[in-house]
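Convention: sequence-line order gives letters A, B, ...; per-chain numbering from 1. Just so we're clear, the structure is a prediction, and the values are computed from it rather than from any experiment.
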Protein chains: 4
Amino acid sequence: MSTTAPPGRPRSERARRAVLHAVDDMLVDIGYAAMTIKGIAERAGVGRQTVYRWWSTKAEILLEASVIDAAEALETPAQDDPVADLTTYLQALVDFLTTSPAGMAYRALLGEAQHDPAVQVLVGDADLLAASTAAVLDRVRASAPAMPQVGLAAAQLAGPVVTTVLTARPPWTADQLRLHAATLIKGWQ
Amino acid sequence: MSTTAPPGRPRSERARRAVLHAVDDMLVDIGYAAMTIKGIAERAGVGRQTVYRWWSTKAEILLEASVIDAAEALETPAQDDPVADLTTYLQALVDFLTTSPAGMAYRALLGEAQHDPAVQVLVGDADLLAASTAAVLDRVRASAPAMPQVGLAAAQLAGPVVTTVLTARPPWTADQLRLHAATLIKGWQ
Amino acid sequence: MSTTAPPGRPRSERARRAVLHAVDDMLVDIGYAAMTIKGIAERAGVGRQTVYRWWSTKAEILLEASVIDAAEALETPAQDDPVADLTTYLQALVDFLTTSPAGMAYRALLGEAQHDPAVQVLVGDADLLAASTAAVLDRVRASAPAMPQVGLAAAQLAGPVVTTVLTARPPWTADQLRLHAATLIKGWQ
Amino acid sequence: MSTTAPPGRPRSERARRAVLHAVDDMLVDIGYAAMTIKGIAERAGVGRQTVYRWWSTKAEILLEASVIDAAEALETPAQDDPVADLTTYLQALVDFLTTSPAGMAYRALLGEAQHDPAVQVLVGDADLLAASTAAVLDRVRASAPAMPQVGLAAAQLAGPVVTTVLTARPPWTADQLRLHAATLIKGWQ
DNA sequence: TAATAATCGAGACGGTACGTCTTGTCTTCGT
DNA sequence: ACGAAGACAAGACGTACCGTCTCGATTATTA
C-alpha cells in the first residue's frame with residue numbers, strides 16, 4: 001500500500017534549502033525590511049516563480065527557515081534554587097532575543113504580525129516560547145503552590161523581558177532578572 | 001527680545017493637520033501596511049513633497065498623530081484596594097491595545113520598530129506607557145514596600161499583557177488580570 | 001547552424017507595437033512637448049518599465065515610429081523635365097514637413113536635437129531625407145553636369161525649404177518652388 | 001506733458017540684468033535643456049516670482065538675452081567678387097551657428113519652436129538672419145540679375161548651411177561654401 | 001523508448017510606490 | 001508695490017519590487 005509519486009518533475013530539495021539559507025543570511029546581513037522576494041531568489045540562485053510556488057510571503061519563509069532553532073536555544077539546565085532556575089531561563093531568553101539570528105527572526109515575525117493579519121495567525125499558532133517556558137515552570141511548580149495556569153504564568157515570566165526588548169529599551173541586567181524571578185516566586189507562594 | 005520670523009512662506013498648519021487626520025483615518029480603514037505616503041498625501045489633499053518636507057517616514061507621522069491620545073486613554077481613576085487599582089489599569093491597557101485607534105497605532109509602531117532601526121530609536125525615546133504606569137504604581141507603592149525601581153515594575157505590570165496581545169493570543173479576562181495584579185502585589189511585599 | 005533563443009520570456013511584439021502606435025497618435029493629439037513617457041505607457045496599456053527597457057528617450061521611440069514612413073512619403077515619380085522633377089520633389093517635401101505626422105515627428109526630433117546631444121547623434125546618424133534626395137538628384141544629374149557631390153547638392157535642394165518651415169515662415173508656393181528648382185538647374189550647368 | 005511713474009517700487013534693473021546674464025552663462029555651461037527657471041532664479045540671486053513676473057518662458061528670456069548679438073555677428077565686410085562676398089558671409093554664418101553663444105541660443109530657440117507654438121510665433125516674428133542676408137544680397141544684386149525676391153534668395157543662400165548644422169552634419173568647409181556661392185551666382189544670372 | 005507532466009532557471013509583462021525634481025502660485029517679511 | 005525666500009498642490013521623473021506570464025531545458029512517472 002505505497003503512495004505512488006505524482007507525475008512530473010519532483011520538487012528540488014536543493015532549491016528549497018538554497019532559499020532557506022539565503023533568508024537566514026540576509027536577515028543578518030541586511031535585515032528583514034530590506035529583504036525582498038526578488039532579492040532572496042537571486043541570492044539563492046533560484047527562479048522567482050520557484051519561491052512563489054512554495055511560499056506565499058517573506059514571513060512564511062522566515063518561519064520555516066529560522067524558528068526551529070528557537071526551542072533548542074531556550075532549553076536551560078535545571079538549577080537547585082527556583083529563583084536561580086527562572087533567572088537562568090530569563091538570561092537565555094534575553095540572549096536569544098537580543099543576539100541570536102533566530103531571535104532576530106522571531107522579533108521580525110512579531111513585528112510583521114502587527115501589520116499583517118495573515119502573519120498574526122502564523123505567529124499565534126506557533127507559540128515559539130511555549131515549550132521552553134512550560135518546562136522551566138514545571139520544575140519550579142513545587143516551590144510555587146499559587147502559580148496560575150501555565151499560559152498566564154508563562155506570560156508573567158517572559159512578558160516583561162520580551163516587552164523590554166521589543167520597545168528597544170536596554171535589556172535587563174542579571175540583577176534585574178533575578179529580582180524579577182524573586183518577585184514571581186514570592187507572588188506565587 | 002523677540003525672535004523674528006524666518007523669511008519665506010511659513011509652514012501651513014492646515015496641511016499639517018490634514019496629514020495627521022488622514023493617517024489616523026487610514027490606519028483604521030486600511031491598516032498600517034497598506035498605507036503609502038502617496039496615499040496619505042492624496043487623502044490629505046496635500047502635495048507629496050509637503051509630507052516629505054516635514055516627516056521622513058510613515059512611522060514618524062503615526063507617532064505624531066497618536067502619542068497624545070495614548071496618555072489620556074490610560075489615565076485611570078484611583079481605587080481603594082491596590083489590587084483593584086492595578087486591575088483597573090490593566091483592563092484599560094488591554095482595551096487600549098485591542099480596540100482603540102491609538103492602540104493600533106502603537107502596535108503598528110512597535111511592529112515597524114522590529115524591522116527598522118530608525119523607528120526603534122523613535123519608539124525607544126517615546127515610551128508611551130511610561131507616564132501612565134508610573135502614575136498607578138505610585139499609588140500602590142505604599143502597599144508594596146518591595147516594589148523594584150519604576151521601570152522594572154512597569155515592565156512587570158504591563159509586559160505580560162502587552163506580550164499576550166502582540167503574540168496574537170486571546171487578551172486576558174478580568175479574572176486573569178486580577179490574578180496577575182494579585183501576584184505582583186504579593187511579590188512586592 | 002541556428003542561433004538558440006536567449007533564456008527568459010521573449011520580448012512582446014504586441015507591447016512594442018502598442019508603444020509605437022501610442023507615440024504616433026499622441027504626437028498628433030497633444031504634440032511632442034506635452035508627451036511624457038508615463039503618458040505613452042498609459043496610452044499604450046503598457047508598463048512604464050517596459051518602455052524604459054527598450055528605449056531611452058522619447059526621441060528614440062519617435063525615431064523608430066516614424067523613420068519608415070518618411071522614406072515612403074518622399075518617393076516621387078520621375079518627370080520628363082529636370083526642373084519639374086525637382087519641383088515635384090520639393091512639393092512633396094513641403095507637404096511632408098507641414099502636414100504629415102511623420103513630418104511633424106521629424107521636426108520634433110530636429111528640435112530636440114538642438115537641446116540634447118544624444119538626440120543630435122540619433123538624428124545625425126539617421127538622415128531621413130538622404131535616400132529621397134539622392135534618388136531625385138540621380139535622375140537630373142544628366143541635365144546638371146556641374147552638380148556638386150550628392151550631400152552638398154541635397155542640402156542646396158532641400159535646405160532652403162526645410163529652413164523656411166523650421167523658422168515658422170509661410171511655406172513656399174508652387175511658383176517659388178519652381179523658381180528655386182530652376183535656379184539650381186541653371187547653377188549646376 | 002510728462003508721463004508720471006507708476007506707483008509702487010519700480011522694476012529692478014539689477015534683477016533684470018542678473019537674470020539675462022545667468023541665462024547667457026547657463027546656456028554655455030549646462031545647455032538649454034538642463035536649464036530650469038528655478039535654476040536661473042537661483043543663479044541670478046533673484047526670487048522665482050520675479051522671473052515669472054517679467055517673462056513667461058525660458059525661450060522668452062533667451063530671446064531677450066542673446067539674440068541682439070546675432071545681427072552684429074553676421075555683419076561682414078564687402079568683397080570685390082560677388083562669390084567671395086557670399087562666401088565670406090556664409091563662413092560667418094557657419095561660425096556663428098557652430099561656435100558662438102548667440103548661435104547656440106538661436107539653435108536652442110529654433111529647436112524649442114518645433115515643440116511649442118508660442119515660441120514658434122516668437123521665432124517667426126524675429127527673423128534673426130533677415131537683416132544680415134538682405135545686406136549681403138543687396139551688394140551682389142548687380143552681378144545677379146535673376147536673383148529672386150529677397151526672402152527666397154536669403155533662404156537659398158543660408159538654408160543649406162543652416163540645415164546642415166541643424167541636422168548635426170559636419171559643417172561645410174570653405175571650399176564647399178565657395179562652391180555653393182558659385183552655384184547661386186550662376187543660377188541667378 | 002517515447003509521451004506526458006510538473007519542475008527548474010531566466011527574464012519580460014502590467015502595475016504601482018518610491019523619493020526627487022520642477023512647475024507656477026501663494027504667502028510671509030523687509031526694503 | 002516690489003524683492004528674496006520659501007512653502008504650497010500638482011505631477012513627471014527613472015528605479016525598484018510586486019506577483020504573473022512565457023520561454024527552453026530538465027527530470028521524473030506512465031504507457
If a pair satisfies salt bridge (Lys or Arg N to Asp or Glu O under 4.0 Å) and one of its residues is in residues 16-36 of chain A, list it, with sequence neighbours excluded.
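As it turns out, the salt bridge (Lys or Arg N to Asp or Glu O under 4.0 Å) pairs with a partner in residues 16-36 of chain A, which skip direct neighbours, are A:Glu13-A:Arg16, A:Arg16-A:Glu64, A:Asp29-A:Arg43.
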Looking at D:Trp54, does the NZ or CZ of D:Arg14 lie under 6.0 angstrom from its six-membered ring centre and within 45 degrees of the ring axis?
no
With a 4.0 Å heavy-atom cut-off, tell me which residues in residues 19-44 of chain B come close to DNA chain E, sorted by residue number.
B:Thr36, B:Ile37, B:Lys38
Tell me the interatomic distance from [X], atom [atom1], to [N], atom [atom2], rounded to whole angstroms.
| X | N | atom1 | atom2 | value |
| --- | --- | --- | --- | --- |
| C:Arg11 | E:dG14 | CZ | P | 11 Å |
| B:Lys58 | E:dA17 | NZ | P | 12 Å |
| D:Trp54 | F:dA4 | CH2 | C1' | 16 Å |
| B:Arg53 | F:dA10 | CZ | C1' | 13 Å |

Any non-hydrogen side-chain atom of [X] less than 4.5 Å from a side-chain atom of [Y]?
| X | Y | answer |
| --- | --- | --- |
| C:Leu63 | C:Trp55 | no |
| D:Val51 | D:Ile61 | yes |
| B:Glu112 | B:Tyr32 | yes |

At what distance, to the nearest 0.5 angstrom, does [atom1] of [X] lie from [atom2] of [Y]?
| X | Y | atom1 | atom2 | result |
| --- | --- | --- | --- | --- |
| D:Leu109 | D:Gln120 | CG | CD | 12.5 Å |
| A:Leu128 | A:Leu110 | CG | CG | 9.0 Å |
| C:Met26 | C:Ile40 | CE | CD1 | 6.0 Å |

Taking only side-chain N and O atoms of C:Arg48, does any of them lie within less than 4.0 angstrom of OP1 or OP2 on E:dC18?
no
Is B:Thr50 close enough to F:dA7 that one of its side-chain N or O atoms is under 4.0 Å from OP1 or OP2 there?
no
F:dA9, E:dT23, F:dA4: which one has an atom nearest the side-chain heavy atoms of D:Tyr52?
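Side chain of D:Tyr52 sits closest to E:dT23.
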Output the single nucleotide from E:dG14, F:dA16, E:dC21 whose closest atom is nearest the side chain of B:Gln49.
E:dC21
On DNA chain F, check which nucleotide each of C:Ser56 and B:Ser12 is closest to and give me the residue with the more 5' one.
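Of the two residues, B:Ser12 wins.
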Just to be sure I understand the rule, does B:Arg16 reach a base, reach only the sugar-phosphate, or reach nothing, if contact means heavy atoms closer than 4.0 Å?
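No contact at all - B:Arg16 keeps every heavy atom at 4.0 Å or more from the nucleic acid.
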Is there a donor-acceptor contact under 3.5 Å from the side chain of D:His115 to the main chain of C:Gly111?
no
Short N/O separations, protein against nucleotides 25-28 of chain F, under 3.5 angstrom:
from	atom 1	to	atom 2	distance (Å)
F:dT26	O2	A:Arg9	NH1	3.1

